[in-house]
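Quick caveat, the model's predicted, so the values are computed rather than measured.
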Amino acid sequence: QVQLVESGGGLVQPGGSLRLSCAAAGTIFSNNAVAWFRQAPGKDREFVAAINWSGGDTVYADSLKGRFTISRDNAKNTVYLQMGSLKPEDTAVYYCAAGPKVTIESREYHYWGQGTQVTVYA
């Protein structure tokens with residue numbers, strides 16, 4: 001069992017930056033990967049980035065690589081998503097999820113956080 005608690009969402013102006021946090025507790029070593037997904041109103045859930053605890057290997061959505069950076073602090077059991085050069089189209093509910101390996105497929109992640117709202121607006 002893994003519990004995920006998110007924080008860091010809010011309102012930011014276009015071109016700004018924001019850092020999301022996902023604090024994990026439970027059997028995180030048997031759920032070696034943490035990913036970020038997002039869902040905008042009226043749209044499907046979209047993969048953002050993923051990282052594993054053991055090696056720090058990362059995968060990014062092609063459209064977001066270069067603006068978003070995923071990282072982890074193993075001592076704090078926390079995964080971060082640093083978002084830069086934010087655009088209005090980045091507005092969405094952002095979710096973190098845990099699973100056994102790094103993948104872009106949402107079906108491979110079995111534990112999910114509550115979601116945090118990110119709004120990019122002037």
Distance (rounded to the nearest 0.5 Å) between [X] [atom1] and [Y] [atom2]:
{"X": "Thr91", "Y": "Gln117", "atom1": "OG1", "atom2": "CD", "answer": "7.0 Å"}
{"X": "Leu64", "Y": "Ile70", "atom1": "CG", "atom2": "CD1", "answer": "11.5 Å"}
{"X": "Cys96", "Y": "Ile51", "atom1": "SG", "atom2": "CD1", "answer": "13.0 Å"}
{"X": "Arg19", "Y": "Met83", "atom1": "CZ", "atom2": "CE", "answer": "11.5 Å"}
{"X": "Asn31", "Y": "Trp53", "atom1": "CG", "atom2": "CH2", "answer": "10.5 Å"}

Checklist entry - Does the side chain of Phe68 reach to within under 4.5 Å of the side chain of Asp90, using non-hydrogen atoms? => result yes
Next on the checklist: Could you go through Tyr94 and Arg38, starting from their C-alpha distance and side-chain angles, then the distance that decides it, and tell me whether this counts as side-chain hydrogen bond (donor to acceptor under 3.5 Å, both in side chains)?
Outcome noted: CA-CA 4 Å; Tyr94 284 71; Arg38 67 184 186 182; 2.9 Å; yes
Checklist entry - When you measure from the side chain of Asn52 to the backbone N and O of Asp57, does any donor-acceptor pair fall under 3.5 Å? => result yes
Next on the checklist: Closer than 3.5 angstrom, by distance alone: can the side chain of Glu6 be matched with the main-chain N or O of Thr116 as a donor-acceptor pair?
Outcome noted: yes
Item to check | Validation row, ring centre Phe47 to ring centre Tyr60 under 6.0 Å | outcome: no
Item to check | Cation-pi check, Arg45 onto Trp112 ring (under 6.0 Å, within 45° of axis) | outcome: yes
Checklist entry - Quick one: do the Asp73 and Thr78 side chains pair a donor with an acceptor below 3.5 Å? => result no
Item to check | Within 6.0 angstrom of Gln13 CD, more than 12 heavy atoms from elsewhere | outcome: no
Item to check | Same apolar cluster: Val12 and Leu81, side chain cutoff 4.5 Å | outcome: yes
Checklist entry - How close do Gly113 and Tyr95 get, heavy atom to heavy atom, and via which atoms? => result O-CD2, 3.8 Å
